[in-house]
There are 2 protein chains.
Amino acid sequence: MKNSPEVKIQNFLPQESQSIGSQLHRLLRAAIIEGELLPGQIISEIEMSKRFDISRQPVREAFIKLAEERLVEVRPQRGTFVRKISVKEVLDARHLREIIEVSIVREVSAKHDAELINRLRQLITQQKETAPGDAHAFLELDEEMHRTIALHAGREYAWRVTESIKAQMNRVRFLSFDFAQSKFELAGEHAAIVDAIEAGNADLAAQLMEKHLRGILATLPRVVSQYPDYFTDN
Amino acid sequence: MKNSPEVKIQNFLPQESQSIGSQLHRLLRAAIIEGELLPGQIISEIEMSKRFDISRQPVREAFIKLAEERLVEVRPQRGTFVRKISVKEVLDARHLREIIEVSIVREVSAKHDAELINRLRQLITQQKETAPGDAHAFLELDEEMHRTIALHAGREYAWRVTESIKAQMNRVRFLSFDFAQSKFELAGEHAAIVDAIEAGNADLAAQLMEKHLRGILATLPRVVSQYPDYFTDN
DNA sequence: AATGCTATACTTGTATAGCAGAAAGTGTAT
DNA sequence: ATACACTTTCTGCTATACAAGTATAGCATT
């Protein structure tokens, strides 16, 4: 404890000393998004409780949260299953995300905050520097980028919604290896958006964000035909 | 079994025979929104399990769902509390809702569906006919109205988000007695929106929806000063 | 061959009992 | 009045058990 306590206190949040249930929830969430747990796969409470040597209760609680996020489906007396990706839902969610993030980027463009621009450029640099194939690292930096923009606009609620939508879209991206293949392309789109924000050109920023978020529309049909049984509604 | 089996089979859904935990969740959700459980009030797992003669587990599961909706806050080793209404969060959520519903009403205006218009006018009539002071009944019809419009636009995901935002906003409305006092005013706004949709006037419909959703901005400060300890962030 | 039946195993939902650990309240002694 | 010890209360977690719905495999019947 050599740092000044003032700083610690400011940044201190009750920490929620992560319960086992919450930890498991985060773990399984990432596992589903990154395709470690496959769409349609059954995951029972007892199986998980044995694997992690915990009781059923925290597993149940993790499952409930995953079900609320539509990442699993609990079918009573049958089992709990990793949800297949609903094409309809991904498109519907993507549409909403576009509306949200376009409106956010418009607001941010009106602000002219040099510190924000620096921070975003820093993130883009880090994105380019991620190890090839390390989709997880790129994903986190992508997440951080969109979050920074949203929170800078004071749109916390909008970010929470976007976060949830992003989870569904990232499931598709992980299947498509988009992160690995088009790392520089995506980072380039980010850079263009930041340039437009810096220039205060809201219309351009909005247009670029729109294009950025429509990338998945081209990817989706390809992935669906490649892994048809990971999807529903097609 | 006199109906044709084809129709039955198509409409068959497993029905999800509501578990105790889910039932309790719905019950408590309504109780919090309608002010039966007060902001800041403590509600322990054991208390609830005794009151409804059930075990702690389903109570915990109901609490988790309420926490995800930000209607309660679970503070480990301290207790579970009905969340005070965050003014900042209500404004932030309202802002998002405006963006969502304005975009939806624009889409619907381009559709020209006579059946939809009839259904909406029917709902407005029912809204006017609710018993004076029966805020619960009006609320359900209001919910049904916004839901019908959203789902007609095929925006299921957007509706789920709106539903969650609406919960926070309705907490304020219930405190303000807005439903009782301005039942006809609100129904009138609905009617104007439906007229604009029917006329295919997307700009007008959007403008009216915007105005409709900004009503709470006038209400909020009044309610905050009337019940200061039900709120945070003011 | 198709259908019906039965035994079996597995799933989630719920109950009960209990303990750990943190926080809050209470009372006592100084 | 303050400090300290005791008690209570709360959530998080464990363990065990049972009910009831569901899937499956195998066998018997038609």
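Numbered from 1 within each chain, the chains take letters A, B, ... in sequence-line order.
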Undergrad: Among residues at least two apart in sequence or on other chains, which ones pass salt bridge (Lys or Arg N to Asp or Glu O under 4.0 Å) with A/E129?
TA: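 Salt bridge (Lys or Arg N to Asp or Glu O under 4.0 Å) check on A/E129 returns nothing, list empty.
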Undergrad: Which nucleotide span of DNA chain C, 5' end to 3' end, has atoms closer than 4.0 Å to non-hydrogen atoms of chain A?
TA: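 The contact span of chain A on DNA chain C goes from C/dT11 to C/dT14.
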Undergrad: May I ask you to evaluate whether A/R78 reaches the phosphate of D/dT22, defined as a side-chain N or O under 4.0 Å from OP1 or OP2?
TA: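 Checking A/R78 against D/dT22: at least one side-chain N or O falls below 4.0 Å of OP1 or OP2.
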Undergrad: Measure from CE on B/M48 to C1' on D/dC10 and round the result to the nearest Å.
TA: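 Roughly 14 Å, once rounded to whole Å.
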Undergrad: Would you mind telling me which residue lines up with the more 5' stretch of DNA chain D, A/R56 or A/G21, judged by nearest nucleotide?
TA: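 Counting from the 5' end, the first nearest nucleotide belongs to A/G21.
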Undergrad: Rounded to whole angstrom units, what separation is found between the CZ atom of B/F63 and the P atom of D/dC10?
TA: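 Going from B/F63 (CZ) to D/dC10 (P), I get 11 Å.
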Undergrad: Hey, does A/Q57 reach any base, or is it just sugar-phosphate, or nothing, if we go heavy atoms under 4.0 Å?
TA: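 The answer is base, as A/Q57 lies within the cut-off (heavy atoms under 4.0 Å) of a base atom.
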Undergrad: Tell me whether the side-chain N or O atoms of A/R75 pair up with the base of D/dG21 as donor and acceptor below 3.5 Å, since no angle test is needed here.
TA: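 Not at all, since no donor on one side and acceptor on the other fall under 3.5 Å apart.
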Undergrad: Starting from C1' on D/dG12, measure out to CG on A/L24 and report it in whole angstrom.
TA: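 The distance from CG of A/L24 to C1' of D/dG12 comes to 14 Å, rounded to the nearest Å.
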Undergrad: Using only modelled atom types and a 3.5 angstrom limit, is any donor from either the side chain of A/Q77 or the base of D/dT22 paired with an acceptor on the other?
TA: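 For A/Q77, whose side chain was compared with the base of D/dT22, there is no donor-acceptor pair (under 3.5 Å).
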Undergrad: Can I get a per-line list of side-chain donor-acceptor pairs under 3.5 Å for residues 59-67 of chain B, giving both atom names and the distance, sequence neighbours left out?
TA:
{"unit_1": "B/R60", "atom_1": "NE", "unit_2": "A/E61", "atom_2": "OE2", "d": "2.8"}
{"unit_1": "B/R60", "atom_1": "NH1", "unit_2": "B/E45", "atom_2": "OE2", "d": "3.1"}
{"unit_1": "B/R60", "atom_1": "NH2", "unit_2": "A/E61", "atom_2": "OE1", "d": "3.2"}
{"unit_1": "B/R60", "atom_1": "NH2", "unit_2": "A/E61", "atom_2": "OE2", "d": "3.1"}
{"unit_1": "B/E61", "atom_1": "OE1", "unit_2": "A/R60", "atom_2": "NH2", "d": "3.2"}
{"unit_1": "B/E61", "atom_1": "OE2", "unit_2": "A/R60", "atom_2": "NE", "d": "2.7"}
{"unit_1": "B/E61", "atom_1": "OE2", "unit_2": "A/R60", "atom_2": "NH2", "d": "3.1"}
{"unit_1": "B/E61", "atom_1": "OE2", "unit_2": "B/Q57", "atom_2": "NE2", "d": "3.3"}
{"unit_1": "B/K65", "atom_1": "NZ", "unit_2": "B/S22", "atom_2": "OG", "d": "3.3"}

Undergrad: For residues 29-39 of chain B, pull every pair meeting salt bridge (charged side-chain N to carboxylate O under 4.0 Å, His left out), keeping only residues two or more places apart or in separate chains.
TA: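 Output for this query lists B/R29-B/E69.
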Undergrad: Listed by chain and number, what are the ring pair (Phe, Tyr, Trp, His ring centres under 6.0 Å) partners of B/H146, not counting sequence neighbours?
TA: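 Result, ring pair (Phe, Tyr, Trp, His ring centres under 6.0 Å) vs B/H146: B/H190, B/H212.
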Undergrad: Report the residues that fulfil ring pair (Phe, Tyr, Trp, His ring centres under 6.0 Å) with B/F81, sequence neighbours left out, ordered by chain and then residue number.
TA: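 With neighbours one apart ignored, the set is empty.
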Undergrad: Could you walk me through whether B/R147 and B/E144 pass salt bridge (Lys or Arg N to Asp or Glu O under 4.0 Å), step by step?
TA: CA-CA 5 Å; B/R147 195 175 105 249; B/E144 177 69 13; 2.4 Å; yes
Undergrad: Applying the salt bridge (Lys or Arg N to Asp or Glu O under 4.0 Å) criterion to A/E89, which one of A/R94, A/K84, A/R70, A/R171 satisfies it?
TA: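 That would be A/R70; it is the only one of A/R94, A/K84, A/R70, A/R171 passing the salt bridge (Lys or Arg N to Asp or Glu O under 4.0 Å) with A/E89.
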Undergrad: Indicate, with a heavy-atom threshold strictly under 4.0 Å, whether A/I42 touches base, sugar-phosphate, or nothing.
TA: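 No contact.
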Undergrad: Round to a whole Å and report the spacing from CD of B/E45 to P of D/dG12.
TA: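 Taking CD of B/E45 and P of D/dG12, I get 6 Å after rounding.
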Undergrad: Expressed in angstrom and rounded to an integer, what is the separation of B/F81 atom CZ from D/dC10 atom P?
TA: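 To the nearest whole Å, that distance equals 10 Å.
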Undergrad: Please report the distance, rounded to the nearest Å, between NZ in A/K50 and P in D/dT16.
TA: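 One finds 12 Å between P of D/dT16 and NZ of A/K50, rounded.
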